[in-house]
K.L.:
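Would you mind keeping the following structure in view while I ask a few things?
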Amino acid sequence: MSTFLLITKTYWEEPPRVRHQVAQALAKNHEVIFVAANKFGLPKIITKRISDNYTVLQPYFPVDMRIRYRLPVINEIYQWWLFNKIKHLKQNAIVINFDYTANLINKYFKKYIYYCHDNFVAISRHLNPGFISRYHQRCEAGIAEKATLCISVIKPLQDYLKQYNQNSFEILIGSPDIDEHQIDINYQPKPKQQIEIGLVGFIKFYNTSYLLVNKLLLNPNFTVTIVGPVDQKFIDHLNNKEKLVLTGPLTGKELFSKINRFDVAIAPYHNDMLNEVYLGTGSKFYQYFAVGKPIVFAPVIGMKKNTLPPGFVYIAKDEDDFPKLIYKAVKENSKELIEQRIRY
């Protein structure tokens with residue numbers, strides 16, 4: 001049984017993301033050590049056993065991760081402290097690095113895989129001043145260049161990584177295995193006057209269109225359920241909140257039971273971010289497909305939409321296009337399509 005050491009910039013308690021999905025898949029047959037993003041506190045590492053093969057290491061550091069990763073020198077001091085603590089945990093561990101700011105990793109681990117599942121540099125340009133995003137670009141370039149190999153989740157990211165490392169490969173995100181959750185999937189969709197629209201994700205003011213959600217909430221036939229953390233600023237800009245359900249983060253059976261109740265799922269990304277950020281076929285798409293839901297979404301750079309069978313996704317040209325495509329997705333839904341999406 002191999003041991004995998006996963007270096008992340010993610011809290012283990014967050015709703016499931018790509019790094020959680022990879023960790024859980026590996027833990028079925030291998031030992032996994034998940035190194036979470038640091039929390040604020042005196043320097044220490046708390047060990048939490050999730051299952052026989054799955055351990056989470058929770059570092060604490062005097063500078064919160066949300067500030068630390070943006071600050072040169074402080075970020076390097078943190079890495080020096082962390083990597084010295086964990087480099088001898090398991091001899092011959094296979095290291096997978098998800099942290100695009102871990103620019104000292106090659107000094108402590110001779111071999112590692114860089115797993116790139118988003119255009120982090122482009123996102124950094126949207127969120128940070130220029131000197132910080134340039135620092136992040138240098139970090140990621142160095143990490144990719146020195147990696148044994150790089151993994152990307154979409155072709156544009158693979159092409160980007162090949163600038164630094166020819167051993168860069170595209171591996172599509174897989175669908176979650178929901179059999180263990182024993183979800184009672186409804187294979188007989190019926191026309192409904194009230195359509196429940198679902199959205200799963202980290203909803204932030206800058207990456208999700210509140211104008212579109214408001215348009216949906218104005219429709220007398222629509223209700224909207226959002227699963228996951230939601231920025232207060234985003235909530236403050238919404239109207240008709242009596243037709244809005246905010247569940248907060250859900251995982252496991254709770255998550256898929258909630259998605260199972262949706263009539264249609266949406267992904268209302270901001271178009272201005274899509275001009276630069278390769279969001280690709282996100283993990284939420286496969287969460288929707290896992291219980292057979294059709295998806296209406298804004299066009300995404302790098303999305304392999306041409307490979308998806310008819311009736312899986314409905315691509316809106318603009319916000320005005322969303323309501324009619326939601327009606328179309330619900331009308332065309334069938335037992336056959338539900339089964340095809342789940343098998344996919």
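Index from 1, following the sequence.
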K.L.:
Taking atom types as modelled, find out whether E31 and S2 have a side-chain donor-acceptor pair closer than 3.5 angstrom.
P.N.:
no
K.L.:
Step by step, would you call Y114 with C116 a side-chain contact (heavy atoms from CB on, under 4.5 Å)?
P.N.:
CA-CA 6 Å; Y114 177 46; C116 181; 3.7 Å; yes
K.L.:
Report the C-alpha distance between V227 and L199 in whole Å, list the side-chain angles of each, state the deciding distance to 0.1 Å, and finish with yes or no for side-chain contact (heavy atoms from CB on, under 4.5 Å).
P.N.:
CA-CA 6 Å; V227 179; L199 169 59; over 6 Å; no
K.L.:
Count I, L, V, M, F, W, Y as connected when their side-chain heavy atoms are under 4.5 Å apart, and connections chain through other members. Are V73 and M65 then in the same cluster?
P.N.:
yes
K.L.:
Is the backbone of R125 close enough, under 3.5 Å, to the side chain of S133 for a donor and an acceptor to pair up by distance?
P.N.:
no
K.L.:
Which other residues belong to the hydrophobic cluster containing L42, where Ile, Leu, Val, Met, Phe, Trp and Tyr are joined when side-chain heavy atoms lie under 4.5 Å apart, directly or via other members?
P.N.:
none
K.L.:
Please confirm whether F83 and F109 have ring centers closer than 6.0 angstrom.
P.N.:
yes
K.L.:
Without swapping roles, check the side chain of Y100 against the backbone of I143 for a donor-acceptor pair under 3.5 Å.
P.N.:
no
K.L.:
For K90 and T3, indicate whether the former's side chain and the latter's backbone hold a donor-acceptor pair under 3.5 Å.
P.N.:
no
K.L.:
Determine, stepwise, if the pair F289 / I295 fulfils side-chain contact (heavy atoms from CB on, under 4.5 Å).
P.N.:
CA-CA 8 Å; F289 290 156; I295 305 168; 3.4 Å; yes
K.L.:
Are F222 and Y288 connected into the same hydrophobic cluster when the rule is that any two of I, L, V, M, F, W, Y join if their side-chain heavy atoms are below 4.5 Å apart?
P.N.:
yes
K.L.:
Under a 4.0 Å N-O cut-off, is there an ion pair linking D263 with K293?
P.N.:
no
K.L.:
Grouping I, L, V, M, F, W and Y whenever their side-chain heavy atoms are under 4.5 Å apart, do V245 and V291 come out in a common cluster?
P.N.:
no
K.L.:
State yes or no: are the ring centers of Y78 and F61 separated by less than 6.0 Å?
P.N.:
yes
K.L.:
More than 12 non-hydrogen atoms from neighbouring residues, nucleotides or ligands closer than 6.0 Å to NZ on K328, yes or no?
P.N.:
no
K.L.:
Using atom types as modelled and distance alone, determine if a side-chain donor or acceptor of D99 lies under 3.5 Å from a backbone N or O of I7.
P.N.:
no
K.L.:
Among T101, N128, N75, find the residue that satisfies the side chain to side chain donor-acceptor pair (under 3.5 Å) test when tested with Y135.
P.N.:
N75
K.L.:
Under 3.5 Å, side chain of D321 to main-chain N/O of K317, donor-acceptor pair present?
P.N.:
yes
K.L.:
Quick check: F40 with Y60 (ring centres under 6.0 Å apart)?
P.N.:
no
K.L.:
Regarding E254 and K258, does a basic nitrogen lie under 4.0 Å from an acidic carboxylate oxygen?
P.N.:
no
K.L.:
Regarding Y210 and D236, do their side chains bring together a donor and an acceptor under 3.5 Å, going by distance alone?
P.N.:
no
K.L.:
Is a donor from one side chain sitting under 3.5 angstrom from an acceptor on the other, for R341 and N333?
P.N.:
yes
K.L.:
Same hydrophobic cluster for L218 and V330, using side-chain heavy-atom links shorter than 4.5 Å among ILVMFWY?
P.N.:
no
K.L.:
Return yes if some donor-acceptor pair links the side-chain N/O of K39 with the main-chain N/O of D64 below 3.5 Å, else return no.
P.N.:
no
K.L.:
Counting only N and O atoms by type, is there a donor-acceptor contact under 3.5 Å from the side chain of K146 to the main-chain atoms of A141?
P.N.:
no
K.L.:
Does I86 share a hydrophobic cluster with I46, counting links as ILVMFWY side-chain heavy atoms below 4.5 Å and allowing steps through other members?
P.N.:
no
K.L.:
Closer than 3.5 angstrom, by distance alone: can the side chain of E140 be matched with the main-chain N or O of H136 as a donor-acceptor pair?
P.N.:
no
K.L.:
Would you find more than 12 non-hydrogen atoms of other residues, nucleotides or ligands less than 6.0 Å from N84 atom CG?
P.N.:
yes
K.L.:
Can you measure from CG (N97) to CG (L5) and round to the nearest 0.5 angstrom?
P.N.:
9.5 Å
K.L.:
Applying side-chain contact (heavy atoms from CB on, under 4.5 Å), run through V200 and I259 and close with a yes or a no.
P.N.:
CA-CA 8 Å; V200 176; I259 297 175; 4.0 Å; yes
K.L.:
Regarding Q79 and Y108, is there a side-chain donor-to-acceptor distance under 3.5 Å anywhere?
P.N.:
no
K.L.:
Which residues pass the salt bridge (charged side-chain N to carboxylate O under 4.0 Å, His left out) test with K111, not counting sequence neighbours?
P.N.:
none
K.L.:
Just checking, any donor-acceptor pair under 3.5 angstrom between side chains of Q194 and T223?
P.N.:
no
K.L.:
Are the side chain of Q158 and the backbone of S168 linked by a donor-acceptor contact shorter than 3.5 Å?
P.N.:
yes
K.L.:
Ignoring hydrogens and angles, tell me if any N or O in the side chain of T148 forms a donor-acceptor pair with the backbone of Y112 under 3.5 Å.
P.N.:
yes
K.L.:
Quick one about N103 and R138 (side-chain donor to acceptor, distance below 3.5 Å, no hydrogens or angles considered), yes or no?
P.N.:
no
K.L.:
Do we see a donor-acceptor contact under 3.5 Å between the side chains of T10 and R19?
P.N.:
yes
